[in-house]
> 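Sending over a structure as structure tokens; questions will come in a sec.
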Number of protein chains: 2
Amino acid sequence: MVRPIRPILSRARICAAALAIVDRDGLGELSMRKLAGELGVQVSSLYEHVRTKDDVLHDVANTIMESVDVSAFETRDWRHAVASWARSYRAALAAHPHIVPFLAYGPARREASLRRADAVHGGLVGAGWPPRYATMIGASTKYLVIGSAMTSFARGFEGEAQVYVERYAHLMDAHRLRDHADTIDRDSFELALEMFLDGLDRLHTRVATPQGSVEGA
Amino acid sequence: MVRPIRPILSRARICAAALAIVDRDGLGELSMRKLAGELGVQVSSLYEHVRTKDDVLHDVANTIMESVDVSAFETRDWRHAVASWARSYRAALAAHPHIVPFLAYGPARREASLRRADAVHGGLVGAGWPPRYATMIGASTKYLVIGSAMTSFARGFEGEAQVYVERYAHLMDAHRLRDHADTIDRDSFELALEMFLDGLDRLHTRVATPQGSVEGA
DNA sequence: ACCTGAACACCGTTCAAGT
DNA sequence: ACCTGAACACCGTTCAAGT
């Protein structure tokens, strides 16, 4: 292998390669040695650019979180904003199911997450929600998205489906079953979101301050 | 060390010791060697009783899931049943926060989980919900519990809190902050649950079959 | 500055051997 | 049946050394 004049490695290249491995092989299959191998480099070279494996995963998680769209909070339609944020959030996780456990587990001190949280909170307060409720609505919505992502994407990598396949093998094949599970998951998420928003709608008329009024921090 | 006449090890003892380590040191700190060490035994002895480390963790997860109370579904008050199931479920996870990532990630083919799922589904159908809605309500509630457990218990082991502590060190100490975070999490969970149930209440009057009528499987 | 090669202290799991 | 001790093929991370 020819020694390159310019550096092979960079933080961004390492992050991209790590995401590719996680997406392809799963979170448990990511190792620094494999990562180095795919980049055509020795393991220890990675440590010139990243502090630790955890560091790499945080980078990956940050990248994914950056694709979550919170722009709808710039309007005053809080209901639509929460719904579109939640759907965008869920879609971002669905695009990289294998990393969800890390993303959900790790503390939310990732920059991208904090910035999104600010947008959500600000948007809700701007729409008349008291700050305390804005915080709770943000947290609740996150629960729904994370919970949905965890339980639905976790399924199917191994388990559950097989149980039903064995039991009802004559009824439907695995492929149809997987599609069915995906539909149930999406529908359940949408139902929860709609019911939650319906409930909030009625609460809003009781607790919201008139729009435009100033709220204490 | 004296060689005992009767067996030292058993599946139950291994499971109990594993849970103790996970609760005390965290999921990442559980290793077969440490487990063996605490049981006063060599690593390889464990493999006489369990097939794999994953096997041990599934046992632990099953134990925890067995403490979830679904007895409220024996009544016809579906709203109270869902609420008390959700709270019991969340409490069970709160009692063993470190294992939540495993519990949430692993496919739900654990026996205890499946039996609970049956009780929930049956109870909702008995209360007049069409089977399709019963499935979705069960899934949605699970999302909320898992999401709440993941995001709230994940925080605090490292991260987030520290950020605020550094920033607002003069405002409050870490202890008060942790309490505050716990309160926010509980309140957010309760808000989401109430709003969800409020939404469902109105839906119920539109889609439910008269109680006592027979539903197709 | 960037990468190498060897080493350290760990893993989960297996297996022949002892009692 | 139950446990031991050694081994295998892995980990993440460090560090002196090369260019």
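Basis for what follows: all heavy atoms, side chains included, without hydrogens, waters or symmetry-related copies.
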> Can you tell me if the side-chain N/O atoms of A:Ser45 get under 4.0 Å from OP1 or OP2 in C:dT4?
yes

> Looking only at side-chain atoms of A:Glu48, point me to the closest of D:dT13, C:dC3, D:dT4.
C:dC3

> According to side chain to side chain donor-acceptor pair (under 3.5 Å), who are the partners of A:Thr52, at least two apart in sequence or on a separate chain?
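A:Thr52: no side chain to side chain donor-acceptor pair (under 3.5 Å) contacts found.
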
> Any side-chain to backbone donor/acceptor pair from A:Arg33 onto A:Val43? Under 3.5 Å, distance only.
no

> Which residues pass the salt bridge (Lys or Arg N to Asp or Glu O under 4.0 Å) test with A:Asp25, sequence neighbours left out?
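Partners of A:Asp25 by the salt bridge (Lys or Arg N to Asp or Glu O under 4.0 Å) criterion, ordered by chain and then number, come out as A:Lys34.
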
> Out of D:dC3, C:dT13, C:dA6, which nucleotide sits closest to the side chain of A:Ser44?
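Ranking D:dC3, C:dT13, C:dA6 by closest atom to the A:Ser44 side chain puts C:dA6 first.
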
> In whole angstroms, how far is the C1' atom of C:dA1 from the CZ atom of A:Arg11?
17 Å

> Among A:Leu197, A:Val120, A:Leu124, find the one that has a side chain to side chain contact (heavy atoms under 4.5 Å, CB included) with A:Ile137.
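Passing option: A:Leu124.
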
> Out of C:dT13, C:dT4, D:dG5, which has the shortest distance to the side chain of B:Tyr47?
C:dT13

> Rounded off to whole Å, could you give me the CG-to-P distance for the B:Leu57 and C:dG12 pair?
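Value for this atom pair: 10 Å.
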
> Nearest whole Å is fine: how far is C:dA7 P from A:Gln42 CD?
14 Å

> Side chain of A:Lys53 only, please: which of C:dG5, D:dG12, D:dT4 is the nearest?
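Nearest listed nucleotide: D:dG12.
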
> Heavy-atom distance under 4.5 Å between the side chains of B:Val22 and B:Glu29, does that happen here?
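SC-SC contact between B:Val22 and B:Glu29 ruled out.
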
> Just checking, any donor-acceptor pair under 3.5 angstrom between side chains of B:Asp69 and B:Tyr89?
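B:Asp69 vs B:Tyr89: no donor-acceptor pair found between side chains.
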
> What are the residues of residues 26-36 of chain A, sorted by number, that bring a heavy atom to within less than 4.0 Å of DNA chain D?
A:Leu30, A:Ser31, A:Met32, A:Arg33

> How would you list, by chain and number, every residue that makes a side chain to side chain donor-acceptor pair (under 3.5 Å) with B:Thr135, sequence neighbours excluded?
B:His121

> Stems in DNA chain C: runs of 3 or more consecutive Watson-Crick or G-U pairs, distances under 3.5 Å?
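The stems are C:4-8 with D:12-16, C:12-16 with D:4-8.
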
> Nearest whole Å is fine: how far is D:dG12 P from A:His49 NE2?
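In whole Å, D:dG12 P and A:His49 NE2 are 18 Å from each other.
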
> Please report the distance, rounded to the nearest Å, between CG in B:Leu46 and P in D:dC3.
9 Å

> Please, which pairs that meet salt bridge (charged side-chain N to carboxylate O under 4.0 Å, His left out) have at least one residue in residues 9-20 of chain B, sequence neighbours excluded?
B:Arg11-B:Asp55, B:Arg11-B:Asp59

> So with a 6.0 Å cut-off around CZ of A:Arg79, is the heavy-atom count from everything else above 12?
yes

> Please give, in whole Å, the distance from C:dC3 P to A:Leu39 CG?
10 Å

